[in-house]
Undergrad: 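Here it is, the structure in full.
Model, not experiment: these values are computed from the prediction. Heavy-atom basis, side chains included; hydrogens, waters and symmetry copies ignored. All residue numbers refer to positions in the sequence shown, counting from 1.
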Amino acid sequence: MSTTSRFIVVTIGLVIVFGGIFGWKAFEFRMMQQHLNQEDPPAVIDAARAETREWVPSLHSVGSIRAVNGIRVANELPGVVETIRFESGDMVEKGDVLVELDVESDKAALETRRAEAESARRTFERVSNLVDRNAVSQAEFDEAEAAYDAARARVREQEALVRKKILRAPFDGKTGLRLVDQGEYMPTGTPAVEINMVDPIYAEYSIAEKHLSSVEVGDDVTVSVAAYPDRLFEGEISAINSSVSTENRTVRVRATLANDDGALQPGMFADVRTLESEPRKAVVVPRTAVSFNTYGDFVYVLNENDKGELVTERRSIQTGPERDGVVEVESGLEAGERIVATGLLRLRAGQRVQIADEDDEPGATVEDDGSGAEQGDG
């Protein structure tokens, strides 16, 4: 075979090989274009409707539980512990004896003072009888009277010292852990036990200066604590501080709560909501339906396109207080509009969607318990 023939055969072979490759690539490209031009299947979502309901807003704050009266009982005079008459955690009444210190030497001194007072009394009586007869001078009478008064005062003084060696409950309350032991020497000011009045009890918290005009004494409050997450403690505002803190521009507020079972204890962290007196109508949606971010909150509203298909519309809204899994919508959404309830991160504006179960759309169905909604003031 000549060189020319071989060249023609090789050329034809290369054309066939490369033609096949280019043809296959063109086929793949056309298939890819067709695939890209196909619409994605609708995303399956849960839907909810914006609802109108009675809304009792509130100011949300954090604070602490505080005893109405709470102190550490300490001794005014030094002494050795002779008797302990309480156990840790006892409920005590005002005047109950808690600790008795050794008073033997004090009682002996008291007997001496009483004897001196008795001697001074007799002397005063003798002088009183003689002064009527002008047998003694008025000065001697005054001196005897003064001596008698001084002796009686020393008796009362010593009696007070003896009483101060007995530590008593200053009010009704609950004792804490015992801090002293039998036979222990207690220098002046040594705490023996902590005692707190726990019923009623205070919740103290702060509100922002701008909310001062919306609260007043007598307003209802609800309090929750970490120890009882499923329980709300109810009370009312009993006092509002008369000044605003210059450091953070907040006002201290004190609420009084019933605490019959002693569940609330001083020092607990308290989540407090101060309720406004009048409810109002509000549009609410599930919290999971709202995307919260620094550029503005939004929801996906469900609309029908020309083909009757559901598509998403990203709509900015102004949100308000939140409570029990629902959020108030102050503007941007009307009651009755359908929105995407969950799974916002996998959606985009204009995307086709399909409701998972149109007969059972989840909504903002939380019962209004009147507990109010938070309006963050710290």
Undergrad: So does E111 pair up with K107, basic N to acidic O under 4.0 Å?
TA: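 No, no charged N to carboxylate O under 4.0 Å.
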
Undergrad: Out of curiosity, L77 CG to I166 CD1, how far, rounded to the nearest 0.5 Å?
TA: 11.5 Å

Undergrad: Distance check, rounded to the nearest 0.5 Å: M268 atom CE versus I65 atom CD1?
TA: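 Nearest 0.5 Å value for the CE-CD1 distance: 7.5 Å.
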
Undergrad: Counting heavy atoms not belonging to Q182, are there more than 12 under 6.0 Å from its CD?
TA: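 Result for CD/Q182: enclosed.
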
Undergrad: Does any part of the side chain of V221, heavy atoms only, come nearer than 4.5 Å to the side chain of Y205, both counted from C-beta?
TA: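 Heavy-atom side-chain distance check passes, below 4.5 Å.
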
Undergrad: If the threshold is 4.0 Å, N to carboxylate O, is there a salt bridge linking E125 and R121?
TA: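 Between R121 and E125 there is a salt bridge, with a charged N closer than 4.0 Å to a carboxylate O.
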
Undergrad: Nearest 0.5 angstrom please: R252 CZ to S245 OG, how far?
TA: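 Answer rounded to 0.5 Å: 9.5 Å.
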
Undergrad: Just verifying a value: how many Å separate M91 CE and D199 CG, rounded to the nearest 0.5 Å?
TA: 8.0 Å

Undergrad: Charged N to carboxylate O under 4.0 angstrom, E159 versus R114?
TA: yes

Undergrad: If you measure from the Lys or Arg side-chain nitrogens to the Asp or Glu carboxylate oxygens, is any gap between E313 and R315 under 4.0 Å?
TA: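 So E313 pairs with R315 through a salt bridge.
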
Undergrad: Do V327 and F292 make a side-chain contact, defined as non-hydrogen atoms from C-beta onward lying under 4.5 Å apart?
TA: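 Yes, side chains in contact.
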
Undergrad: According to a 4.5 Å side-chain heavy-atom criterion applied to Ile, Leu, Val, Met, Phe, Trp and Tyr, with indirect links allowed, do I195 and Y202 form part of one hydrophobic cluster?
TA: yes

Undergrad: Please check if atom CD in E234 has more than 12 non-hydrogen atoms from other residues, nucleotides or ligands closer than 6.0 Å.
TA: no

Undergrad: Tell me whether I71 shares a hydrophobic cluster with F86, the cluster being built from Ile, Leu, Val, Met, Phe, Trp, Tyr side chains joined at under 4.5 Å.
TA: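 Shared cluster, yes.
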
Undergrad: Tell me whether E76 at atom CD has more than 12 heavy atoms from other residues, nucleotides or ligands lying less than 6.0 Å away.
TA: no

Undergrad: Is there a side-chain contact between E204 and V272 in this structure, where contact means two heavy atoms from C-beta onward sitting under 4.5 Å apart?
TA: no

Undergrad: Treat each ILVMFWY residue as a node, draw an edge where side-chain heavy atoms are under 4.5 Å apart, and state whether V81 and V193 are in one component.
TA: yes

Undergrad: What orientation do F124 and F141 show, parallel under 30°, tilted 30 to 60°, or perpendicular over 60°?
TA: tilted

Undergrad: To the nearest 0.5 angstrom, please state how far the CZ atom of R314 sits from the CD atom of Q351.
TA: 13.5 Å

